[in-house]
Peer 1: 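Okay, handing you the structure first.
Remember, it's a predicted structure, so these values are computed and weren't measured experimentally. Position 1 is the first residue of the sequence, and the numbers go up from there.
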Amino acid sequence: MADWGRRAFQSRPEARTLPMRRVAALITTWLVLVTAPVAVAATHATKPVGHGLLRFQHLVVIDLENHSFDNLYGEFPGADGFATARILLQVDSSGTPYATLPVTSKSRVPPGLPNRPFAIEPYVPADEKTEDLSHAYDDEREELDGGRMDRFVCINQQKALALGYYHTMKLPLAAFASEYTLCDRFFHAAIGGSLLSHMWLVAAASPQFPHAPESVRIRYDAHGHVVHAGFVTPDDYVVNTSYSIYTPHPASTPDSIRIPPIDLPNIGDRLSGKGVSWAWYSGGWDDALAGHPAKTFQFHHNPFAYFRRYGDGTAARREHLKDETEFVRAAHDGRLPAVAFVKPLGENNEHPGYADVLTGERHVAQLIRTIQAGPEWRSTAIVVTYDENGGFWDHIAPPIVDRWGPGSRVPTIVIAPFARRHYIDHTTYDTTSILALIEKRWGLLPLSTRDAHAAPLTGPFDFGASPRRPARR
């Protein structure tokens, strides 16, 4: 019997006068009733903690949608936001600065605003949907304007809205950014929209569609401007929204323009090859597979569904592609895989046009609290990031690494018991830095030159820190 148990038992006066057989029975009963629950809890909550990167046994990546860093965190104290920004005037197609920001006929943003960033909430509260902005491959390429960052209004179909921002410290996730680590030099890996961004999150590369029909190919004029919109470049790369030949996909999309099976190496393959558990959890996945997808389910936000290995009827699909509800149960029960990607349903992902900011942030805050209350919190790191900027302006020009990007800066928060507290990480990262972290932690080969040379997302961690309880919210 442990010393503290012996003392507790011997503190009872009658213990010194009971027959030994009765004493033995009491000891056995006491051990069953008292130590058994402790042993069960220890199985989950007190797993051995390693050193360095081994401190985390679970990495959870929560991927949100379509906001630039300045759009959500431009007011964050100490970050490279509006306080330090050199704000260049937005220009029209001739290169002339706007006198005031132009608006569209249906915009809730009024005409006559000065040519500078403005708060969105007076016109569209954070719990209401804004219009969707222009953020396709060629849209963002032209908005960046070679790093001048001055054509977001000109190119954007929503005009002035591209310069709008939310008051940072009113956002639910800002509390986590304040308590843990906010990265203010994190760029989305590939210029363009969600399909391309999700492929770079899992494969660090752009997929191809050889022999794609001419109707879906982008055509350019002699100056590089789009004269025919599509989703496949002249050299066969898939860069805009399109759907897999595998389910789930919109029933109305003809087979002839669905993306053929992709065989690029991806992070799921690398993890499986090392025997490391992983899963992609998608909000609304089960309903979509059953043929009745939710209204805001986004088929192209599920990149593994495009890969041959995870195609219809495969064992790998059944094992690794799951509904978000399964993630919640796994976090609650202490059954998280080593690597978990979480993609909320459209209504919860903050995407302009069909989702609002507050609903999405509250949903993610609840996911974080579920992990923190679960038995594996002490050995878990959470990365909350955004797939791309969604057409919203940012004042920091992205670095030029290759043909594909990176694209604009996006918010990224790292939350863990061993994350740096009240910290801003100024290291230059992009989406492939998440892959580089996974590869470094689990000893995996890189997927491409991009993740091979990316800075792993390690700056937010203080592995010498003692785990502390999360703040009550």
Side-chain angles (χ1 to χ4, degrees), residues 62 64-88 90 100-101 103 107-133 135 149 152-153 156 158-186 344 347-366 368-369 384-386 388-396 408-415 422-425 471 473:
I62 302 176
L64 296 173
E65 289 284 311
N66 290 46
H67 289 276
S68 71
F69 186 91
D70 280 337
N71 175 251
L72 295 181
Y73 286 85
E75 294 181 332
F76 194 87
D80 191 346
F82 301 135
T84 58
R86 176 173 174 261
I87 299 174
L88 299 177
Q90 296 288 297
T100 59
L101 294 177
V103 297
S107 176
R108 295 166 67 181
V109 176
L113 291 177
N115 188 350
R116 62 172 180 262
F118 64 93
I120 294 173
E121 291 103 316
Y123 317 112
V124 187
D127 61 354
E128 297 181 14
K129 305 176 185 68
T130 67
E131 297 85 356
D132 196 9
L133 292 82
H135 54 278
M149 316 300 281
F152 281 79
V153 171
N156 215 291
Q158 300 304 337
K159 299 303 178 187
L161 184 60
L163 250 60
Y165 65 87
Y166 293 89
H167 288 303
T168 301
M169 303 316 291
K170 294 181 179 180
L171 301 176
L173 293 182
F176 293 98
S178 296
E179 184 180 354
Y180 296 98
T181 293
L182 174 68
C183 301
D184 70 353
R185 284 289 193 286
F186 192 105
E347 64 195 44
N348 294 321
N349 70 19
E350 299 191 39
H351 193 299
Y354 58 76
D356 66 84
V357 170
L358 275 188
T359 298
E361 298 231 344
R362 287 168 178 159
H363 177 78
V364 173
Q366 184 56 50
I368 294 169
R369 286 192 290 268
V384 180
T385 190
Y386 291 73
E388 33 100 352
N389 69 313
F392 284 112
W393 170 85
D394 192 86
H395 79 275
I396 298 290
S408 300
R409 205 171 46 141
V410 294
T412 298
I413 307 166
V414 177
I415 303 158
H422 318 297
Y423 183 69
I424 299 172
D425 186 355
R473 291 188 177 84

Peer 1: In terms of relative ring orientation, are H135 and H351 parallel, tilted or perpendicular, with 30° and 60° separating the classes?
Peer 2: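 Answer is perpendicular, since the angle exceeds 60°.
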Peer 1: With the side chain counted from C-beta on, respond yes when W393 and I87 share a heavy-atom pair under 4.5 Å apart, and no when they do not.
Peer 2: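 Contact flag for W393/I87 side chains = yes.
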Peer 1: Does R116 CZ have over 12 foreign heavy atoms under 6.0 Å away?
Peer 2: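 12 or below, so no.
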Peer 1: Enumerate the salt bridge (Lys or Arg N to Asp or Glu O under 4.0 Å) contacts for residues 355-364, please, sequence neighbours excluded, ordered by first and then second residue.
Peer 2: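 Every candidate salt bridge (Lys or Arg N to Asp or Glu O under 4.0 Å) pair involving residues 355-364 fails, so no pair, neighbours aside, qualifies.
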Peer 1: Using 30° and 60° as the class boundaries, would you call the ring planes of F176 and Y180 parallel, tilted or perpendicular?
Peer 2: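 F176 vs Y180 ring planes: parallel.
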Peer 1: Tell me the closest heavy-atom pair linking D70 and G81, and the distance in Å.
Peer 2: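 Scanning both residues completely, I find the closest heavy atoms to be OD1-CA, 3.8 Å.
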Peer 1: Salt bridge (Lys or Arg N to Asp or Glu O under 4.0 Å): which pairs involve residues 73-83, sequence neighbours left out?
Peer 2: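 Of all non-adjacent pairs touching residues 73-83, those that pass salt bridge (Lys or Arg N to Asp or Glu O under 4.0 Å) are D80-R185.
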Peer 1: Can you tell if the side chain of E121 reaches within under 4.5 Å of the side chain of Y166, non-hydrogen atoms only?
Peer 2: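 Yes; the side chains approach each other to less than 4.5 Å.
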Peer 1: Heavy atoms only: give me the nearest I413-L173 pair and the separation to one decimal.
Peer 2: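 Result for this residue pair: CD1-O, 3.7 Å.
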Peer 1: Taking side-chain contact (heavy atoms from CB on, under 4.5 Å) as the test, write out the residues that go with A355, two or more places apart.
Peer 2: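 In terms of side-chain contact (heavy atoms from CB on, under 4.5 Å), with neighbours along the sequence ignored, A355 is linked to N349.
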Peer 1: Tell me whether the rings of H67 and F392 are parallel (<30°), tilted (30 to 60°) or perpendicular (>60°).
Peer 2: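 H67 vs F392 ring planes: parallel.
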Peer 1: Provide the closest heavy-atom pair for V414 versus C183 in the form atom of the first, atom of the second, distance.
Peer 2: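 Reported closest heavy-atom pair: CG2-SG, 4.5 Å.
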Peer 1: Evaluate S408 against F152 for side-chain contact (heavy atoms from CB on, under 4.5 Å), listing each step before the verdict.
Peer 2: CA-CA 11 Å; S408 300; F152 281 79; 4.0 Å; yes
Peer 1: Determine whether L64 and P344 make a side-chain contact, defined as any pair of heavy atoms from C-beta on separated by less than 4.5 Å.
Peer 2: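 Result yes, sub-4.5 Å side-chain heavy-atom pair found.
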